[in-house]
Amino acid sequence: MTKTWTGLGIGTKNSDGEWLEMHFSEKNISSNDLDCSEDHLKKIIVNDSEAPSSVPEAYLKLHLLSYRLVKPNETNLDGIFGILKNVVWSSEGPFSIDDFKIAQYEARKMDKHILVHSVDKFPRMTDYVTLSDVRIADANRVRLGAYLGSGTTVMHEGFVNFNAGSLGEAMIEGRISQGVLIGDKTDIGGGASTMGTLSGGNDVRISLGKNCLLGANSGLGIPLGDRCTVEAGLYITASSKIEIVNNDGNISGTVKASELSSKSDLLFIRNSLTGSIQCRPNKKVIGLNEELHSND
Amino acid sequence: MTKTWTGLGIGTKNSDGEWLEMHFSEKNISSNDLDCSEDHLKKIIVNDSEAPSSVPEAYLKLHLLSYRLVKPNETNLDGIFGILKNVVWSSEGPFSIDDFKIAQYEARKMDKHILVHSVDKFPRMTDYVTLSDVRIADANRVRLGAYLGSGTTVMHEGFVNFNAGSLGEAMIEGRISQGVLIGDKTDIGGGASTMGTLSGGNDVRISLGKNCLLGANSGLGIPLGDRCTVEAGLYITASSKIEIVNNDGNISGTVKASELSSKSDLLFIRNSLTGSIQCRPNKKVIGLNEELHSND
Amino acid sequence: MTKTWTGLGIGTKNSDGEWLEMHFSEKNISSNDLDCSEDHLKKIIVNDSEAPSSVPEAYLKLHLLSYRLVKPNETNLDGIFGILKNVVWSSEGPFSIDDFKIAQYEARKMDKHILVHSVDKFPRMTDYVTLSDVRIADANRVRLGAYLGSGTTVMHEGFVNFNAGSLGEAMIEGRISQGVLIGDKTDIGGGASTMGTLSGGNDVRISLGKNCLLGANSGLGIPLGDRCTVEAGLYITASSKIEIVNNDGNISGTVKASELSSKSDLLFIRNSLTGSIQCRPNKKVIGLNEELHSND
């Protein structure tokens, strides 16, 4: 957590001379020192253990994540919401809100239309970082600072927040909240939800191990181990009470979902006749995921 | 409902001379009369009690909502779907569909690409109205005519239709249907659904009071009072039968969900062992929402 | 399945001279031969029974679907994922990933911003095909190759993959997976999921007949006949066990959901007191859909 990074960036300021954003090419980031030979480049230094103290520093840290130079939760991002400004992201580049209103009015008088695709503190990852081994079907759904493992596809309904993502190949058709990490060959089904620590009402960080499947429209409020499946449409919160079904199909007891945290080889379903949530040994996950990853 | 508004707008016509859209700067809208001193501006007058009768009038009313000059359901929008045209919203501005096909072919011959982000009657709010105290992560998800209270954040999975929105600070990560209003410090979780009067099969307008939480992937088919919570993943329709659980944890009876309409301090869950939908007194809503609003 | 099509297209190559994409105007596609009179046009011939063997051929087939010249599952698309390249779709047109990194760096040095709305094998339909009788609120959600019947509206939360879509008028506010077809006057509610053959873990192709309604946040893992309704929030998988409730309201037996495949006039709900999934005769579907289609 004490690695130091140097970046040479090109950025945009508002009309008051304050930084709005900064772009770093991959070749202009290093854990060694870098020469700043070009006039348009600004040199920035950050340390993984220290919180960012400016917009350029925050942007360098977000680039580190998206270039896979640091993993989620490995670089200190404390206070980043306070540092980043609310920016109008437009077809003519980034603006402060006040600057944009003037620019828009002047453009309309000339019969020109400036389009605004976002008004937010965080930009889209793809406007800053493009990776050759990743697909992102709808760029609006992945923030700069997302960490997407090699071979990951984020489909149209997928979403990945900053400081969150996939450690390996993954199919992401649901939402990966801030801080959430998923393992290699894990699939987040269409519309599936992972609870963030901010919105879940508890302090446990959600994660999924390898070869897991969250079914479409399902949801997860506990961390999972490897080779777990949550049935389509089922939402498991940390306080859900769950029947344990053994290999013989008999119910052997009842536990709170949080007691199953981080365990492997589990299948979660809602019994469609009794309405109870049940957990049983998971048997068929591997084949399913191979099919999913061959295509989408 | 009888207030009169004057607006000075700049608009676009198709090749037949018909209005496609019109933009109004905030300074060019007033409840008093306005001088139209600039040639490129067109003067428009509307009244809250009268339905719009033209594209410019409809656009002025949609701007009134997004600038928070009138609240949802306070200005007459009858017949707006019949008035607005289906527009190709492109990187070169708005086109009629026929005009666009010609423009696109000519552009491609010159090796230029015109991008189309929407083909719809309603434009994105952010291309017309930007507010300094609101964030909209994905501009495609908020229509012009949305009313977003000060401090509101619409995250990537959030959606707000025209004539709908938030009266105060809100975190919107789910869908706010046409006509739906939510109160101050209320949170709509990721993927949560609010039933519109058009799609719900009934005539009750959905609303949520203050300090409510719709959990992720939940849904709501009745209006709620203040300080209510719907558990993640639970969809309540007006005809759902619900067990009432009292402070002692005992089931005291069963009601239709519609009988609980607009009541306050309720927690709705699905019992994860019996599968029944239950309603009980809500005790912990405040702290949860404060956490959510400090960040996202 | 043996029809032959000729198209005259305009396309883009990467810096290695490989095709990235190709656009076909509707007038430049025919089931007869076409003269290639203009220098910038490239002539392409495909056959419905043969798989595409190049990027231009794949693009012609995707255009055939979106122009409604062939229906989903009627033209051979085998191997299309292997043929299409991962493209950076940007405000300056399509790029290979390597070419884009250079273009982006050069642009930033000039204080210009190139925006990237997608990094994917498939482009947005609306950048290629616009239909006068269809609305697509968020263009990022409909891939080229989608088949949208006359009168179809795809709302902001709707999604339609290539080789999938609606045969007639439809309201699509949920996700239509690859291969899935829905009939005339059928509505897919907000956030509703249809299981693709790739993600469902089984080989049955999902479809919905006419006048069906998938409620908001519901999901479907079996094909439905006509006039079926799935309650908001209910996910039916092929292996769900379902209670059959007859006209008198009595439970007459239990079946696997897959046994109800393609049957008509069914209403699926989860009993909110017992938690069981139930199927009963559907009685009120028509009126509901008429309301929905008059507006959105």
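In the text below, chain A, chain B and the rest are named by the order of the sequence lines, each starting its count at 1.
Around the CG atom of D35(A), the shell of radius 6.0 Å holds no more than 12 heavy atoms that belong to other residues, nucleotides or ligands. Heavy-atom neighbours of N250(C) CG from other residues, nucleotides or ligands within 6.0 Å: above the threshold of 12. Remark: K112(C) NZ is loosely packed, at most 12 non-hydrogen atoms of other residues, nucleotides or ligands lying under 6.0 Å away.
Contact of K121(C) with chain A is made through backbone and side chain together, with heavy-atom distances under 4.5 Å. Proximity to chain A involves both the backbone and the side chain of S193(C), based on heavy atoms less than 4.5 angstrom apart. Only the side chain of L41(A) comes within less than 4.5 Å of a heavy atom in chain C; its backbone stays farther off. Of the atoms belonging to R124(C), not a single heavy atom falls under 4.5 Å from chain A. Heavy-atom distances place both the backbone and the side chain of R108(C) under 4.5 Å from chain A. Within the 4.5 angstrom heavy-atom criterion, atoms from both the backbone and the side chain of K109(C) approach chain A. Heavy atoms closer than 4.5 Å to chain C are found in the side chain of S25(A), but not in its backbone. Contacts between S276(A) and chain C at a heavy-atom distance below 4.5 Å are absent for every atom of the residue. Contact annotation for N28(A): only side-chain heavy atoms (C-beta onward) come within less than 4.5 Å of a heavy atom of chain C. If you measure heavy-atom distances from S96(C) to chain A, you find no contacts under 4.5 Å at all.
Using a 4.5 Å heavy-atom threshold, the side chains of I277(C) and R270(A) count as separate. Using a 4.5 Å cut-off on side-chain heavy atoms (C-beta onward), N161(C) and M155(A) make contact.
Of the possible donor and acceptor atoms, none in the side chain of Q104(C) sits under 3.5 Å from a partner among the backbone N and O of V129(A). No donor-acceptor pair closer than 3.5 Å links the side chain of N86(C) to the backbone N or O of D133(A). Under a 3.5 Å cut-off, the side chain of N217(A) and the backbone N or O of S218(C) do form a donor-acceptor pair. One N or O on the side chain of S272(A) and one on the backbone of K241(C) form a donor-acceptor pair closer than 3.5 Å.
Between atom CH2 of residue W89(C) and atom OG1 of residue T126(A) there is a gap of 14.0 Å, rounded to the nearest 0.5 Å. With rounding to the nearest 0.5 Å, the separation of OG1 in T12(A) from CG in D111(C) is 5.5 Å. Here the straight-line distance linking atom NE2 of H117(C) with atom CD1 of I136(A) works out to 13.0 Å at 0.5 Å rounding. Atom CG of residue L115(A) and atom OG of residue S91(C) lie 10.5 Å apart, to the nearest 0.5 angstrom.
When all heavy atoms of M195(C) and A232(A) are compared, the pair lying nearest together is CE-CB, 4.0 Å. Heavy-atom minimum distance, V134(A) versus V119(C): O-CG1, 3.9 Å. When all heavy atoms are compared, the tightest approach of N140(C) to N140(A) is ND2-ND2, 3.1 Å. R141(C) and H156(A) make their closest contact through NH1-O, 3.2 Å (heavy atoms, listed as atom of the first residue, atom of the second, distance).
Note on G215(A), G11(A), P94(A), G189(A): by heavy-atom pairs under 4.5 Å with chain C, the leading option is P94(A). The candidate from E92(A), K27(A), E231(A), E26(A) with the greatest count of non-hydrogen atom pairs under 4.5 Å with chain C is K27(A). Highest contact tally toward chain A, considering only I97(C), I236(C), V116(C), L234(C), is held by V116(C) [criterion: heavy-atom pairs under 4.5 Å]. Note on S118(C), G233(C), G219(C): by heavy-atom pairs under 4.5 Å with chain A, the leading option is S118(C).
Y105(C) and H40(A) have perpendicular rings, their planes meeting at more than 60° on a 0 to 90° scale where under 30° would count as parallel.
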